[in-house]
Amino acid sequence: MKINIPANEDDLLARAQALAGLNLAEIAEQAGVVVPKNLTREKGWIGLLLEQVLGASAGSKPEPDFPHLGIELKSLPISMQGKPLETTFVCVAPLTGLVGASWKTSHIRNKMARVLWVPVISERHIPIGERIVGTPFIWSPSPEEEQLLALDWQELTDMIVLGEVENISGKHGQVLQLRPKAANSQAKTQAFNKHGQPFRTLPRGFYLKTSFTQMLLRNHLRID
DNA sequence: GCGTGATCATTT
DNA sequence: AAATGATCACGC
């Protein structure tokens with residue numbers, strides 16, 4: 001069941017915009033999937049549902065959701081006032097092989113190059129099936145936005161290269177953070193300490209802060 | 001364990 | 001209330 005692959009960007013956007021105003025129960029029925037009672041054990045359910053109904057290539061491959069279009073799909077939980085309710089996970093953060101790495105060739109820059117944002121009014125008191133899809137839009141970073149991302153990426157990457165990954169907290173970065181991204185706090189991956197010696201530490205991921213995604217919403221949807 | 005999809009839940 | 005750290009599911 002892998003029909004419905006969008007032919008081009010306009011097709012994809014039109015298809016996403018056709019979901020605006022629908023609730024997740026209606027979309028789930030369309031996709032033939034059951035709506036969970038809560039997301040505690042299915043945290044990625046909404047994102048996977050949207051991938052399915054929009055014809056994204058399934059799987060956990062480290063490439064855009066729509067490889068032929070170079071577009072990444074991101075669902076964005078928002079309040080009824082249009083404010084992001086969560087940070088946005090972008091990708092895992094490499095902790096090794098970073099000597100000589102540059103923003104321009106980074107995995108995260110490639111992922112953020114073109115994104116289809118699909119806001120979903122997702123306040124926790126609203127039953128999953130009754131949550132409504134907002135107005136989707138396709139975005140690429142403006143020069144200013146890319147500069148903000150690049151600055152944070154450089155700061156965080158510098159700390160990692162200097163062996164200070166364990167001194168990085170969610171407080172670092174203006175628009176981009178480095179936070180745990182793992183099955184649990186016992187998970188381990190290799191990194192290097194400040195003496196250049198390898199050691200095992202918690203895997204991390206890059207996340208966009210809500211202030212940044214809120215700015216995107218305002219710029220593209222004129223929401224206050 | 002890694003990378004995909006994220007939100008949960010505790011701390012500030 | 002917002003932000004940070006912890007966690008859940010799935011296919012390799």
Side-chain angles (χ1 to χ4, degrees), chain A residues 2 16 24 27-28 31 33-67 71-98 106-108 110-112 115-129 131 133 152 156 159 165-191 198-215:
Chain A
K2 50 160 304 173
L24 297 183
I27 295 172
V33 302
V34 177
V35 180
K37 285 188 172 56
N38 62 66
L39 299 181
T40 305
R41 293 194 173 277
E42 295 180 66
K43 295 174 181 175
W45 186 81
I46 296 177
L48 294 174
L49 173 67
L50 294 174
E51 278 192 355
Q52 199 174 315
V53 74
L54 292 174
S57 52
S60 57
K61 300 177 294 292
E63 63 180 18
D65 295 298
F66 302 94
I71 296 176
E72 175 72 15
L73 171 64
K74 284 290 171 198
S75 62
L76 183 61
I78 60 172
S79 69
M80 292 188 285
Q81 292 74 225
K83 182 168 185 174
L85 294 171
E86 295 287 347
T87 54
T88 301
F89 169 71
V90 181
C91 60
V92 298
L95 302 183
T96 60
L98 285 167
S106 67
H107 184 23
I108 183 172
N110 183 52
K111 274 222 157 189
M112 301 287 291
V115 180
L116 168 59
W117 294 98
V118 183
V120 179
I121 300 176
S122 212
E123 295 180 359
R124 292 196 193 185
H125 65 86
I126 305 175
I128 310 299
R131 297 183 184 182
V133 174
D152 284 349
L156 295 167
M159 288 186 74
V165 62
E166 294 195 323
N167 293 325
I168 299 174
S169 76
K171 295 179 180 60
H172 290 85
Q174 297 299 301
V175 300
L176 197 64
Q177 328 173 275
L178 193 76
R179 304 222 308 280
K181 171 58 175 171
N184 54 60
S185 60
Q186 319 309 315
K188 292 285 181 284
T189 192
Q190 186 185 107
F199 76 107
R200 308 267 291 167
T201 190
L202 190 58
R204 318 298 165 101
F206 286 118
Y207 295 80
L208 299 176
K209 299 185 73 171
T210 57
S211 54
F212 185 76
T213 48
Q214 174 153 37
M215 173 170 67

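Numbers restart at 1 for each chain; the letters A, B, ... are given by sequence-line order, proteins then strands.
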Next item on the list: Return no unless some side-chain N or O of A:Gln177 is found under 4.0 Å from OP1 or OP2 of C:dT4.
Entry: yes

Margin query: If you compare every side-chain N and O of A:Lys83 against the phosphate oxygens of C:dA2 (OP1, OP2), does one of them come in below 4.0 Å?
Written below: yes

Rounded to the nearest Å, what distance is computed from the [atom1] atom of residue [X] to the [atom2] atom of nucleotide [N]?
| X | N | atom1 | atom2 | result |
| --- | --- | --- | --- | --- |
| A:Leu116 | B:dG5 | CG | P | 12 Å |
| A:Leu208 | B:dA6 | CG | P | 12 Å |
| A:Leu24 | B:dA6 | CG | C1' | 14 Å |
| A:Asn38 | B:dT7 | CG | C1' | 11 Å |
| A:Lys74 | B:dA6 | NZ | C1' | 8 Å |
| A:Leu85 | C:dA1 | CG | C1' | 12 Å |
| A:Leu48 | C:dC8 | CG | P | 17 Å |
| A:Ile78 | C:dA2 | CD1 | P | 15 Å |

Would you indicate whether the side-chain heavy atoms of [Y] and [X] approach each other to under 4.5 Å?
| X | Y | result |
| --- | --- | --- |
| A:Leu24 | A:Val35 | no |
| A:Leu178 | A:Phe206 | yes |
| A:Glu72 | A:Asp65 | yes |
| A:Lys74 | A:Thr213 | no |
| A:Ile108 | A:Leu176 | yes |

Checklist line | Side-chain-base donor-acceptor pair under 3.5 Å for A:Tyr207 and B:dA6 | finding: yes

Notebook entry, point to check: C:dT7 base to A:Lys43 side chain: any donor-acceptor pair below 3.5 Å?
Noted result: yes

Which part of the nucleic acid does [X] contact within heavy-atom distance under 4.0 Å: base, sugar-phosphate only, or nothing?
| X | answer |
| --- | --- |
| A:Gly44 | base |
| A:Glu42 | nothing |
| A:Thr88 | nothing |

Which nucleotide, [options], lies nearest any side-chain atom of [X]?
| X | options | value |
| --- | --- | --- |
| A:Thr40 | B:dA9, C:dT4, C:dT7 | B:dA9 |
| A:Ser75 | B:dA6, C:dT4, C:dC8 | B:dA6 |
| A:Arg124 | B:dC8, C:dT7, C:dA2 | B:dC8 |

Checklist line | 5'-most by nearest nucleotide on DNA chain C - A:Lys171 or A:Ser185 | finding: A:Lys171

Checklist line | Non-neighbouring partners of A:Asn110 that pass side-chain hydrogen bond (donor to acceptor under 3.5 Å, both in side chains), sequence neighbours left out | finding: none

Note to self: If you assign each of A:Ala187 and A:Arg179 to its closest nucleotide in DNA chain B, which residue comes earlier from the 5' end?
What the structure shows: A:Ala187

Checklist line | Nearest non-hydrogen partners of A:Met80 and A:His125, listed with the distance | finding: CE-NE2, 4.5 Å

Check: Which heavy-atom pair separates A:Ser79 from A:Leu85 by the least distance, and what is that distance?
Finding: N-CG, 3.7 Å

Identify each atom pair where a protein N or O and an N or O of nucleotides 2-4 of chain B are less than 3.5 Å apart, giving names and distance.
unit_1, atom_1, unit_2, atom_2, d
B:dC2, OP1, A:Thr189, OG1, 2.6
B:dC2, OP2, A:Lys188, O, 3.4
B:dC2, OP2, A:Thr189, OG1, 3.2
B:dG3, N2, A:Ser60, OG, 3.3
B:dT4, OP1, A:His107, NE2, 3.4
B:dT4, OP1, A:Lys111, NZ, 3.4
B:dT4, O4', A:Ser60, O, 3.4
B:dT4, O4, A:Lys181, NZ, 3.0

